[in-house]
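The structure displayed is predicted, hence computed values, not measured ones. Along the sequence shown, residues are numbered consecutively beginning with 1.
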Amino acid sequence: MSQIETCNPATRESVETYDLMSKDEAFAKIDAAHEAFEEWRARSHEDRAEVLREIAKVLRANTDRISELMTRETGKLIRDGKTEVEICARIFEYTADNGPSQLADEERKHSGGKKRGIVTYSPIGVIYSIQPWNFPFYQPVRVLAANAMAGNACILKHASICTGSGLLLRDLCLEAGLPKGLFDVVLVGHDLSDEIIAHGKVRAVTMTGSDGAGRHIGTKATEALKKTVLELGSNDAYIVLEDADLELAVKTCVQGRLYNNGETCVSAKRFIVTDAVYDEFVSAFVDQMKAITMGDPTAEDTQLGPVSSKEQFDTLVEQVGKSVAGGATLLCGGDPEEDPSGWYYPATVLADCKKGTPAYDDELFGPVASIIRAKDDEDAMRIANDSRYGLGGGIFTKDEDKAIRLARDHFDTGMVRINSFGAADPNMPFGGVKNSGYGREHGGFGMKEFVNAKAIFLP
């Protein structure tokens with residue numbers, strides 16, 4: 001394959017065609033990024049912060065242009081695209097506001113407190129950022145903002161289906177005053193991407209995607225002795241306890257399952273409901289899922305757009321089919337007729353999901369909900385943790401102290417929502433455990449993932 005063709009999943013129409021880069025072209029981007037890094041690293045944190053604030057302004061000024069392109073390339077609802085742009089702007093502003101203090105030199109004592117020391121957080125060079133398609137701006141932005149603040153350069157390999165979004169982000173950053181070369185995009189296939197990981201001027205690798213892809217990229221980076229941050233998939237459990245506010249739980253769980261057309265790594269996917277409230281929850285949940293309006297993602301009244309591609313559509317068909325064959329009960333949706341106008345998969349609910357089937361074990365990346373009955377609260381927590389993943393999760397209960405205790409002491413994930421749903425916040429750490437990866441972004445943590453914590457000993 002020598003070209004990338006992007007396609008509108010709502011219409012199946014071609015959006016744009018791009019030529020893949022040669023090895024020399026891609027490596028030239030890395031060399032240029034390293035040169036830009038050598039100058040950028042000498043600028044103060046405050047100077048870097050001003051550029052990040054300007055990027056936030058430029059993104060907001062181009063909200064319509066950005067969101068329209070993201071919708072054309074991935075099928076996300078136009079309003080969700082506008083929300084994404086605002087989140088990106090807030091990430092740049094948070095990083096600008098907090099970076100100078102987070103990355104400032106620290107004075108310490110050593111030798112029993114008799115001597116002085118300084119800890120500095122020094123930039124290391126070019127960071128290779130491999131990102132997926134479901135949030136075409138947010139995914140690369142959360143890497144770029146943190147690393148630009150830290151003084152690093154960033155090379156992006158974006159998912160092919162949103163190539164235009166990656167290139168637009170680069171152009172807008174240049175417009176805002178980010179030095180040329182400090183952030184750039186490579187259009188390459190998987191084999192050349194592996195060679196980029198091994199490039200001598202690439203100092204670290206960060207990737208968001210499936211656990212299978214993460215395992216491959218993590219292995220390649222380890223072979224080259226390079227640090228990685230991996231934010232991988234999940235099948236987040238939202239547990240509904242016996243004392244939950246059911247009206248709130250149902251409304252929030254529907255929102256959590258369908259947000260971004262159900263194509264979000266940290267979102268409500270498995271719904272573990274205690275026996276005492278199971279029938280009432282399921283009845284109301286199915287009614288609300290059936291009432292969802294699916295259609296044109298550019299229309300303001302649409303609640304569910306298409307999935308991102310034929311590949312994504314076919315994967316869901318296969319996963320749901322295997323789950324039903326394995327004992328799950330289809331309560332609504334599923335078994336979609338192929339729509340010649342686009343890749344539309346309806347809001348779907350599977351109940352009685354069994355261990356050993358995709359609906360229980362795997363990540364269903366689309367508008368498919370898996371419901372599992374639990375005997376009681378303790379059993380619900382056990383089932384929630386019965387997963388190879390551990391990115392996020394949720395708890396519905398009227399007892400906040402109990403929810404905090406369960407979240408802190410028992411939920412084996414990186415993030416837990418209590419009586420709410422949300423994807424990410426610039427002020428809170430983002431990341432997972434187990435097969436959902438390692439490392440943290442946001443909340444100040446991402447700024448220190450790829451720096452050299454250097455110890456300077458004074459007499």
Going by atom types alone, do [X] and [Y] pair a side-chain donor with an acceptor below 3.5 Å?
| X | Y | value |
| --- | --- | --- |
| Glu311 | Ser309 | no |
| Gln3 | Asp19 | yes |
| Glu400 | Asn419 | no |
| Thr6 | Glu16 | no |
| Ser387 | Tyr360 | no |
| Asp24 | Ser22 | no |
| Ser160 | Tyr18 | no |
| Thr17 | Glu5 | no |

Check: [Y] and [X] side chains under 4.5 Å, non-hydrogen atoms:
| X | Y | value |
| --- | --- | --- |
| Ile371 | Val349 | yes |
| Met149 | Leu103 | yes |
| Asp412 | Val433 | yes |
| Ile55 | Glu175 | no |
| Leu241 | Lys402 | yes |
| Leu258 | Ile292 | yes |
| Val368 | Tyr345 | yes |
| Asn261 | Leu304 | yes |

(message) Could you go through Leu172 and Asn62, starting from their C-alpha distance and side-chain angles, then the distance that decides it, and tell me whether this counts as side chain to side chain contact (heavy atoms under 4.5 Å, CB included)?
(response) CA-CA 9 Å; Leu172 293 176; Asn62 287 273; 3.7 Å; yes

Which atom of [X] lies closest to which atom of [Y], heavy atoms considered:
| X | Y | answer |
| --- | --- | --- |
| Arg79 | Gln303 | NH2-CA, 3.7 Å |
| Val85 | Met70 | CG2-CE, 4.2 Å |
| Gly75 | Pro297 | O-CB, 3.4 Å |

So, [X] and [Y], do they make that salt bridge, N to O below 4.0 Å?
| X | Y | result |
| --- | --- | --- |
| Arg60 | Glu86 | yes |
| Glu39 | Lys180 | no |
| Glu106 | Arg108 | yes |
| Glu93 | Arg90 | no |
| Arg405 | Asp401 | no |
| Glu263 | Lys76 | no |
| Arg41 | Glu38 | yes |

(message) Walk me through whether Tyr128 and Ile197 qualify under side chain to side chain contact (heavy atoms under 4.5 Å, CB included).
(response) CA-CA 7 Å; Tyr128 187 35; Ile197 291 173; 3.8 Å; yes

(message) Can you tell me how the ring of Phe27 sits relative to the ring of His199, calling it parallel under 30°, perpendicular over 60° and tilted otherwise?
(response) perpendicular

(message) In terms of relative ring orientation, are Tyr238 and Phe396 parallel, tilted or perpendicular, with 30° and 60° separating the classes?
(response) tilted

(request) Output yes when a side-chain donor or acceptor of Ser420 lies under 3.5 Å from a complementary backbone atom of Ile418, and no otherwise. (result) yes

(message) Between Ser234 (side chain only) and Ser436 (backbone N and O only), is there a donor and an acceptor less than 3.5 Å apart?
(response) no

(request) Take Arg53 and Phe92 through the test side chain to side chain contact (heavy atoms under 4.5 Å, CB included) and record every step on the way to the result. (result) CA-CA 6 Å; Arg53 290 191 181 96; Phe92 278 114; over 6 Å; no

Greater than 12 external heavy atoms within 6.0 Å of [X]'s [atom1]:
| X | atom1 | result |
| --- | --- | --- |
| Asp409 | CG | yes |
| Tyr438 | OH | yes |
| Glu46 | CD | yes |
| Lys434 | NZ | yes |
| His410 | NE2 | yes |
| Lys448 | NZ | yes |
| Lys322 | NZ | no |

(request) Given side chain to side chain contact (heavy atoms under 4.5 Å, CB included), test Asn134 with Gln139 step by step and report yes or no. (result) CA-CA 8 Å; Asn134 55 328; Gln139 301 282 10; 3.3 Å; yes

(request) Under the salt bridge (Lys or Arg N to Asp or Glu O under 4.0 Å) rule, what do Glu449 and Arg440 come out as? Steps first, then yes or no, please. (result) CA-CA 7 Å; Glu449 285 287 0; Arg440 290 295 181 269; over 6 Å; no

(message) Please report the interatomic distance OG1(Thr208) to CG(Leu230), rounded to the nearest 0.5 Å.
(response) 8.5 Å

(message) Measuring from atom CG of Asp296 to atom OG1 of Thr302, what distance do you get when rounded to the nearest 0.5 angstrom?
(response) 5.5 Å

(message) Quick check on the 6.0 Å ring-centre criterion: do Tyr138 and Trp133 meet it?
(response) no

(request) With Tyr389 as reference, evaluate Asp236, Asp361, Asp211 under the side chain to side chain donor-acceptor pair (under 3.5 Å) test and give the passing residue. (result) Asp211

